[in-house]
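A quick note: this is a predicted structure, and the numbers were derived from the prediction, not measured.
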Amino acid sequence: MELTENQIQELYKFTRKHYVEYYDVQTELVDHLANDIENIWVEHPNLSFEQARDKSFKKFGVFGFMKVVEKKQSQLSKKYFKIILKFAKKWFQLPKIFLTISLLFCFYQIQKLQSGYYIYASIFGLVILLELFTVIKNNRKLKKNFKETGKKWMFQKIITSNGIGNSALILFYTYDFFLPDNTKDFLLMGDFRKAYSALLITFLVLFGYITLVVIPQKAEELLEETYPEYKFSKN
């Protein structure tokens with residue numbers, strides 16, 4: 001016995017009822033449940049759809065679908081990290097490596113200025129504002145897409161929102177410089193400490209640019225590579 005289309009849709013509702021909000025994870029679970037229900041019917045043909053569904057659901061344990069969602073999130077986060085590395089490598093290859101070196105050199109030289117501390121603080125503040133603006137813009141686009149399609153995709157959420165963590169890193173670094181400690185005066189720093197500081201801020205700026213500008217711009221392409229059905233869901 002095979003499930004009807006209405007029963008398949010009921011399984012989608014069932015996953016949403018159990019706090020699975022992303023369509024890709026819902027689809028994975030629905031496929032699993034549907035196959036398992038059909039196997040259960042082979043052994044217990046007298047069971048109703050709801051009874052077979054509940055019997056299948058019990059196999060997920062007391063935490064229900066939570067472990068499946070967490071596993072999927074871990075899998076897609078690893079994929080996202082590999083994408084970041086792929087784009088980051090380009091900044092250490094010709095011709096972009098010259099821009100990376102120039103950026104690093106500029107941040108290093110800024111620390112030699114009397115007003116270097118304030119220039120750094122201003123740069124940090126500007127980057128934070130730009131990143132927050134970009135995150136808000138990306139999230140609005142995400143909500144608009146959900147209203148149009150009625151579907152959320154876990155990888156889409158990761159792509160458009162994960163960059164905000166970079167703002168938190170920069171905010172922490174900025175706060176560290178505002179602490180009343182004379183040892184944090186750029187002019188009192190050794191060359192190694194200056195080089196480390198310049199390297200750190202260069203990395204954070206590039207990381208923010210990649211995660212909040214480059215990757216979201218390629219989101220459609222990346223989503224269609226990850227989910228073949230994504231392209232059709234927009235129609």
Side-chain angles (χ1 to χ4, degrees), residues 73-139 141-142 154-219 221-223 225-226:
Q73 188 164 13
S74 176
Q75 175 191 339
L76 291 176
S77 293
K78 288 177 182 177
K79 178 183 176 73
Y80 177 68
F81 181 69
K82 288 179 181 178
I83 292 171
I84 292 175
L85 287 180
K86 180 179 121 179
F87 286 111
K89 285 178 182 177
K90 294 181 180 180
W91 288 88
F92 296 92
Q93 298 171 349
L94 292 173
K96 288 186 177 180
I97 191 171
F98 293 114
L99 183 57
T100 303
I101 293 172
S102 298
L103 200 60
L104 180 62
F105 179 76
C106 285
F107 283 127
Y108 181 82
Q109 291 299 115
I110 285 173
Q111 296 175 83
K112 294 182 178 181
L113 301 175
Q114 189 72 36
S115 58
Y117 171 91
Y118 301 102
I119 295 174
Y120 252 47
S122 299
I123 292 172
F124 294 154
L126 179 62
V127 171
I128 290 171
L129 289 175
L130 288 174
E131 289 196 350
L132 289 174
F133 171 78
T134 305
V135 168
I136 292 170
K137 179 182 176 184
N138 289 340
N139 280 333
K141 184 178 179 182
L142 203 62
M154 182 178 282
F155 197 47
Q156 188 179 39
K157 178 66 175 177
I158 290 173
I159 286 174
T160 56
S161 302
N162 267 20
I164 190 62
N166 187 44
S167 294
L169 284 172
I170 294 180
L171 186 60
F172 173 80
Y173 191 57
T174 306
Y175 177 75
D176 187 53
F177 269 89
F178 277 111
L179 289 176
D181 186 347
N182 290 332
T183 61
K184 290 177 169 53
D185 190 331
F186 290 148
L187 298 178
L188 298 177
M189 286 182 183
D191 289 338
F192 177 80
R193 178 71 186 278
K194 287 178 182 176
Y196 170 76
S197 180
L199 185 64
L200 179 61
I201 185 59
T202 300
F203 166 77
L204 291 175
V205 169
L206 290 178
F207 181 79
Y209 178 72
I210 291 168
T211 56
L212 290 167
V213 179
V214 177
I215 292 179
Q217 284 179 348
K218 294 185 175 289
E221 178 184 336
L222 293 169
L223 288 166
E225 286 177 6
T226 306

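In terms of heavy-atom proximity, Asn139 sits nearest to Lys157 at OD1-NZ, 4.0 Å. Minimum interatomic distance between Ile210 and Ala88 (heavy atoms only, all atoms of both residues): CD1-CA, 3.6 Å. Nearest heavy-atom pair across Lys90 and Lys96 is O-CB, 3.3 Å.
For the atom pair OH (Tyr80) and CD1 (Ile159), the distance works out to 7.5 Å, reported to the nearest 0.5 Å. In this structure, CE on Met154 lies 12.5 Å from OG1 on Thr226, to the nearest 0.5 angstrom. In this structure, CG on Leu76 lies 5.0 Å from CD1 on Ile158, to the nearest 0.5 angstrom. Phe133 CZ to Ile136 CD1: the interatomic distance, rounded to the nearest 0.5 Å, is 8.0 Å. Rounding to the nearest 0.5 angstrom, the gap separating the CG atom in Leu103 from the CG atom in Leu199 is 10.5 Å. Atom OG1 of Thr211 sits about 10.5 Å away from atom CG of Leu206, to the nearest 0.5 Å.
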Take Ile84 and Phe207 through the side chain to side chain contact (heavy atoms under 4.5 Å, CB included) test and state the conclusion after the steps. CA-CA 8 Å; Ile84 292 175; Phe207 181 79; 4.0 Å; yes

Pair Ile97-Ile101, side chain to side chain contact (heavy atoms under 4.5 Å, CB included): steps then yes or no: CA-CA 6 Å; Ile97 191 171; Ile101 293 172; 4.0 Å; yes

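The side-chain contact (heavy atoms from CB on, under 4.5 Å) test applied to Gln109 returns Phe105, Lys112, not counting sequence neighbours. Every side-chain contact (heavy atoms from CB on, under 4.5 Å) that Ile83 has, sequence neighbours left out, goes to Lys79, Phe87, Phe155, Ile215, Leu222.
Side-chain atoms of Thr100 never come within 3.5 Å of backbone atoms of Phe92 as a donor-acceptor pair (strictly under, hydrogens ignored).
Within 6.0 Å of NZ in Lys86 there are 12 or fewer heavy atoms belonging to other residues, nucleotides or ligands.
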